[in-house]
Number of protein chains: 2
Amino acid sequence: MPDDTRDKLLDAAQDLVQRVGANAMSYQHLAQVVGIRKASIHYHFPTKADLLEAMVGRYHKRFMEHVSEVRSGGGTGGERLAAYLDLFASTLRESDGSKLCACGMLGAEVATLGTEMAAVLNRFYEANHRVIETLLREGAADGSVSVPGDVAVTARVVFGALEGGMLVARTADDPAGRFGQVAQELLTLLTLAPLHV
Amino acid sequence: MPDDTRDKLLDAAQDLVQRVGANAMSYQHLAQVVGIRKASIHYHFPTKADLLEAMVGRYHKRFMEHVSEVRSGGGTGGERLAAYLDLFASTLRESDGSKLCACGMLGAEVATLGTEMAAVLNRFYEANHRVIETLLREGAADGSVSVPGDVAVTARVVFGALEGGMLVARTADDPAGRFGQVAQELLTLLTLAPLHV
DNA sequence: GTCTATAGCGCGATAGAC
DNA sequence: GTCTATCGCGCTATAGAC
């Protein structure tokens with residue numbers, strides 16, 4: 001049953017974190033969205049830290065499921081890299097330019113969230129670094145990607161550009177369009193010729 | 001007189017914003033740092049929005065003064081670009097890996113800060129895009145930089161990679177070291193051969 | 001599993017003395 | 001320009017009824 005109260009709370013928490021951040025998200029806001037009283041939330045998640053950690057755990061798992069689909073997709077490494085970049089673009093596109101990656105948002109607030117959350121976020125970042133590194137290596141092997149330097153560090157450049165690109169794009173007139181250009185240019189930098197996906 | 005109460009308040013506000021964000025920064029925290037009572041802050045900045053806008057205005061002005069020094073520095077365009085990247089690296093370096101760019105942090109929180117702050121942040125981002133674009137063009141002209149695509153969009157890739165790179169690096173063991181590698185790899189991607197600055 | 005009620009605190013902001 | 005005192009609100013969290 002995917003839509004019991006617990007899942008609805010996680011849905012609402014994720015949506016609010018992506019839009020306004022964890023510090024600006026309250027049990028009162030969640031209660032209004034889900035349609036229960038705020039005290040009832042403590043039955044499902046005793047503390048706010050519990051709620052945030054459960055939300056990030058689910059987010060990480062779901063994100064990696066999308067990544068698996070991308071990785072099992074056809075085409076060249078460069079084309080699969082483009083599909084991976086589009087996972088980030090779709091977040092902006094489907095929220096009218098108002099949602100960040102949940103883990104990017106929480107990364108900004110990490111100093112207020114405790115060491116356990118910092119470790120969880122770092123795990124998400126490192127998992128993505130490994131995914132990008134693999135895509136770059138596969139692209140280099142099939143000739144669709146060209147990396148002039150250290151592949152592992154380049155993967156971190158790409159991930160940072162995605163997280164930061166979303167953040168910066170959000171204040172522009174057309175965030176999704178802006179970010180789409182940035183993602184395309186990132187591909188141009190990493191491929192011998194521009195890809196069209 | 002650079003250190004009257006107003007400036008001390010702006011110093012403390014900037015430090016807290018860079019570390020924990022605007023939503024986690026309170027008048028009480030500022031009062032403790034500066035050594036006055038929290039009610040006294042309202043004499044200098046009637047509302048928190050006033051304080052944040054003054055802080056960002058000063059931050060923007062000071063940052064562009066550093067940029068001017070970089071731009072009037074010698075060397076190739078690529079070397080001046082490296083010096084510009086180091087403005088961001090130095091923030092992490094000099095804070096033991098705990099401070100972000102103030103405008104990057106506020107960008108994450110923009111949904112809670114009102115439309116005026118969104119406009120102010122966008123102005124900072126666009127100003128930096130123009131600086132990077134100019135440095136890339138100068139580097140292309142003297143042969144030290146190679147941009148395989150649109151220079152203006154590439155400038156946005158670079159800026160996003162800096163803001164996001166700082167954010168992601170903060171959860172790592174050695175944030176400044178990690179970010180330094182990312183900045184160096186960014187240069188490698190944009191130059192025909194790695195620069196050593 | 002959800003409710004009402006409330007504790008206890010921190011917040012931004014204001015009034016008015018000095 | 002800074003102080004004390006206070007207002008009113010929102011917050012996380014808990015107790016105990018149903």
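Reminder, nothing fancy here: chain letters follow the sequence lines and each chain counts from 1.
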Distance-only donor-acceptor hits, side chain of residues 155-173 of chain A, under 3.5 Å, sequence neighbours excluded:
{"from": "A:Arg156", "atom 1": "NH1", "to": "B:Gln181", "atom 2": "OE1", "distance (Å)": "3.1"}
{"from": "A:Arg156", "atom 1": "NH2", "to": "B:Gln181", "atom 2": "OE1", "distance (Å)": "3.1"}
{"from": "A:Arg170", "atom 1": "NH1", "to": "A:Arg19", "atom 2": "O", "distance (Å)": "3.1"}
{"from": "A:Arg170", "atom 1": "NH1", "to": "A:Ser98", "atom 2": "O", "distance (Å)": "3.0"}
{"from": "A:Arg170", "atom 1": "NH2", "to": "B:Gly107", "atom 2": "O", "distance (Å)": "3.0"}
{"from": "A:Arg170", "atom 1": "NH2", "to": "B:Ala108", "atom 2": "O", "distance (Å)": "2.7"}
{"from": "A:Thr171", "atom 1": "OG1", "to": "A:Val168", "atom 2": "O", "distance (Å)": "3.3"}
{"from": "A:Thr171", "atom 1": "OG1", "to": "B:Asn122", "atom 2": "OD1", "distance (Å)": "3.2"}

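The stretch residues 85-104 of chain A participates, sequence neighbours left out, in these salt bridge (charged side-chain N to carboxylate O under 4.0 Å, His left out) pairs: A:Asp15-A:Lys99, A:Asp86-A:Arg93. For residues 120-129 of chain B, every residue pair satisfying the salt bridge (charged side-chain N to carboxylate O under 4.0 Å, His left out) rule, not counting sequence neighbours, is listed here: A:Arg178-B:Glu126.
Rounded to whole angstrom, the span from the CD1 atom of A:Ile41 across to the C1' atom of D:dT14 amounts to 15 Å. We find that OH of A:Tyr43 is positioned 18 Å from P of D:dA13, with the value rounded to whole Å. Regarding A:Leu16, its CG atom lies at a distance of 11 Å from the P atom of D:dC11, rounded to whole Å.
Listed by chain and number, the residues in a side-chain hydrogen bond (donor to acceptor under 3.5 Å, both in side chains) with A:Ser40 amount to none (sequence neighbours excluded). By the side-chain hydrogen bond (donor to acceptor under 3.5 Å, both in side chains) test, B:Thr112 pairs with B:Asn23, sequence neighbours left out. Residues passing the ring pair (Phe, Tyr, Trp, His ring centres under 6.0 Å) test with A:His60, sequence neighbours excluded: A:Phe124. A search for side chain to side chain contact (heavy atoms under 4.5 Å, CB included) contacts involving B:Ala152 returns B:Glu133, B:Asp150, not counting sequence neighbours.
Dashed line: the shortest gap from a side-chain N or O of A:Thr5 to OP1 or OP2 of C:dG1 is not under 4.0 Å.
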(request) Using a 4.0 Å cut-off on protein heavy atoms (strictly under), produce a 5'-to-3' string for nucleotides 3-16 of chain C with B for base contact, S for backbone-only sugar-phosphate contact, and - for none. (result) BBB-----BBBB--
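Between B:Asp11 and B:Val34 the shortest side-chain heavy-atom distance does not fall below 4.5 Å.
Contacts between residues 107-121 of chain A and DNA chain D, counted as heavy-atom distances below 4.0 Å, involve no residue at all.
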